[in-house]
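Have a look at the structure below, then the notes.
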Protein chains: 2
Amino acid sequence: MRSSVPAEFPADTSLRSQVYDSLRDALTAGRFVPGQKLTLRFLAKALGVSLMPVREALRRLVAEGAFEMRPNRSVRVPLMTQAKILELRDIRMAVEGLAVGKAAALATREQIAGLRRIALEIVAARELGDSVTDRKKIREYHFALYAIADQPTLLRVIEGLWLQTGPYMNLLYPGFVSSPRGPEGRARLIRALQAHDAATARREIERDIGDALTYVADLADSAGNIAPASPIAAKRKRQPSKALPARPRGAALFQRAERL
Amino acid sequence: MRSSVPAEFPADTSLRSQVYDSLRDALTAGRFVPGQKLTLRFLAKALGVSLMPVREALRRLVAEGAFEMRPNRSVRVPLMTQAKILELRDIRMAVEGLAVGKAAALATREQIAGLRRIALEIVAARELGDSVTDRKKIREYHFALYAIADQPTLLRVIEGLWLQTGPYMNLLYPGFVSSPRGPEGRARLIRALQAHDAATARREIERDIGDALTYVADLADSAGNIAPASPIAAKRKRQPSKALPARPRGAALFQRAERL
DNA sequence: AATGCATTTTTGTGATCACAAATTGACGGT
DNA sequence: ACCGTCAATTTGTGATCACAAAAATGCATT
């Protein structure tokens, strides 16, 4: 009886994973300030749970590189540096390119049709200016694509990279999405999948990732980059705040996560 | 003043990280049986600590893919399947190839000299038949190489992949190391670094990883592969154990981690 | 005013406990 | 023998507490 698709997973109901989801969503939505220190008790109170679930969720996110643990044993939101974005760009191009190459060899007609449907939903959301569904569908498209490769370990690695890339992806809006290259690239990629042309498909996804993250990297200096390179520099008295171009306050960065 | 090497790190003294190290070492040394279920209380008693440090260490290892958590919320040692090894092979070729390509552009004379020294120590250990220092030096060589690329995020990803590959690497001994291609490959790679020839360096590391893990994958069927694809198959009565070539017992797999 | 020092508060860590879900084992019926 | 069923046990989860290290605060001295 049991179909290859397990119908429905039991879904983890533990408090720990709920807290994990909350923190992950808050992070990728950019609701934390880069460099912000996160204390267990603050998060526990904000989420209305005890320390334990927060401890475990936070530790997992640290292990996945979403947050970082200082030698002081305190956890903070990673700083946003141009170098890190470029690093993630190159890793993602390599790894997701690998996945797409394998997907090109295996893609079935149905899977390709599914991708095309999602691609249409993306342009629909974009025409409405609905950036939140836009992002959601972009993610859905990419992971549907990588799932075709049928490589669970590879997929895990990619998920980890997306988690680390997540906080930066807000910077794509609204400037980058106006570039009309996205839909064309997806169309070319889907055609390459149909033709089982692994090289072309791979080139397309690499260009996709490369363009987006290069754009984000160029913005990184002017945006949230508080980033002093050394902890020593951080001890310097606050500059008169005139040196930095007055951080874009509207850009949804706030000092204390008020409601997560 | 401050040199690029931070002299000495505070070093984490928490029980949690000690437990983490113990479990990681036991895993990569192959002291766990693939599929073995790990309970918190058993590990806590074996290591002489309470549940808490084991909980956190185990959770971290699960997040890193070293162990896997079943929907039942129990943790077990991942099964060893040929497909997974081939997956890890391809990912590692892509990612470590990327790192070496970057390293080739940056390698200094001193760094290259350091690599050559380690390469010599490898052949020395290998001549003595000392497989434990062999493995240690191989790891040291690879990570010294990747460190040249100076990409911390990339290095983290690679460490995660090595952690997942670790348990399989015992299978390289003693058969694979007798192949004399290793030293030659390292010599060619080092020459390519000197010439800043990124393409050649990359090709060499890919061949290194590819050869080793292809060899391991070929062994996977006959070795510890208990691996039924579906949990249903696992319920089948034990085969008369004649089908499998009597798992190499000397190879340090035992049912219960007696002392870790 | 700025700096050094002692005190207070905050924060992460590890231990212990209570509880519910899952696993195991025994038992009885078919 | 084969399987459901129920009880006993094991096991993960979350809460709470104690403690030590770290951070913040206050205060006195220069």
Side-chain angles (χ1 to χ4, degrees), chain A residues 6 8-23 32-33 35-63 66-77 228 231-232 234-238 240 255-257, chain B residues 8-23 32 35-63 66-77 231-232 234-238 255-257:
Chain A
E8 40 193 316
F9 256 79
D12 194 351
T13 61
S14 63
L15 269 184
R16 162 187 17 143
S17 60
Q18 295 180 33
V19 172
Y20 173 84
D21 289 342
S22 297
L23 293 179
F32 291 123
V33 171
Q36 177 177 355
K37 193 172 74 173
L38 299 176
T39 69
L40 295 179
R41 285 170 174 86
F42 167 69
L43 293 174
K45 190 184 296 184
L47 294 167
V49 297
S50 79
L51 293 183
M52 288 293 316
V54 178
R55 256 163 96 165
E56 305 210 28
L58 205 56
R59 287 270 132 65
R60 176 175 169 190
L61 287 161
V62 167
F67 296 115
E68 59 185 24
M69 176 162 282
R70 313 267 300 285
N72 339 342
R73 296 178 171 176
S74 71
V75 173
R76 72 172 184 185
V77 181
I232 294 176
K235 291 237 168 194
R236 286 185 300 200
K237 302 177 174 66
R238 279 178 282 228
Q255 195 65 6
R256 302 210 164 273
Chain B
E8 41 193 314
F9 256 79
D12 195 350
T13 60
S14 64
L15 268 184
R16 162 188 17 144
S17 61
Q18 295 180 33
V19 172
Y20 173 84
D21 290 341
S22 297
L23 292 179
F32 290 121
Q36 177 178 355
K37 193 173 72 172
L38 299 176
T39 69
L40 294 179
R41 286 171 173 84
F42 167 70
L43 293 174
K45 191 184 296 185
L47 294 168
V49 296
S50 81
L51 293 184
M52 286 295 315
V54 177
R55 257 164 94 165
E56 305 211 27
L58 205 56
R59 288 271 131 66
R60 175 174 169 190
L61 288 161
V62 167
F67 296 116
E68 60 185 24
M69 174 162 283
R70 314 269 299 284
N72 339 340
R73 296 178 171 176
S74 70
V75 173
R76 73 173 183 185
V77 181
I232 294 176
K235 292 237 169 194
R236 286 187 300 203
K237 303 175 173 66
R238 278 179 283 229
Q255 194 66 6
R256 302 211 164 273

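Letters go in sequence order (proteins before strands), and every chain restarts at 1. Since the model is a prediction, treat every value here as computed from it, not as a measurement.
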Tell me, please, the opening and closing nucleotides of DNA chain C, 5' to 3', among those with an atom under 4.0 angstrom from a non-hydrogen atom of chain B. C:dT13 to C:dT23
Can you sort out the partners of A:Glu68 under side chain to side chain donor-acceptor pair (under 3.5 Å), two or more places apart, ordered by chain and number? A:Arg76
Counterpart residues, side chain to side chain donor-acceptor pair (under 3.5 Å), relative to A:Arg55 (two or more places apart):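 Once residues adjacent in sequence are excluded, the partners of A:Arg55 under the side chain to side chain donor-acceptor pair (under 3.5 Å) criterion are B:Glu56.
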Spacing between B:Leu58 atom CG and D:dT11 atom P, to the nearest angstrom: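 Rounding to the nearest Å, CG of B:Leu58 and P of D:dT11 are 14 Å apart.
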Round to a whole Å and report the spacing from CZ of B:Arg41 to P of D:dT9. 15 Å
A:Leu15: what forms a side-chain contact (heavy atoms from CB on, under 4.5 Å) with it, not counting sequence neighbours?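 Expected list: A:Gln18, A:Val49, A:Pro53.
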Partner set under side-chain contact (heavy atoms from CB on, under 4.5 Å) for B:Ser14, not counting sequence neighbours: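 For B:Ser14 the side-chain contact (heavy atoms from CB on, under 4.5 Å) partners, ignoring immediate neighbours, are A:Arg73, B:Asp12, B:Arg16, B:Ser17.
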Just to verify, what does B:Arg41 make a salt bridge (Lys or Arg N to Asp or Glu O under 4.0 Å) with, not counting sequence neighbours? none
Sugar-phosphate only, base, or nothing, as touched by B:Arg73 at under 4.0 Å among non-hydrogen atoms: sugar-phosphate
May I ask you to say what B:Leu38 touches in the nucleic acid, namely base, sugar-phosphate or nothing, with a heavy-atom cut-off under 4.0 Å? sugar-phosphate
Side-chain heavy-atom pair A:Leu38, A:Val77 within 4.5 angstrom cut-off: yes
Given DNA chain D, 5'-ward residue of the pair A:Asn72 and A:Val49, judged by closest heavy atom: A:Val49
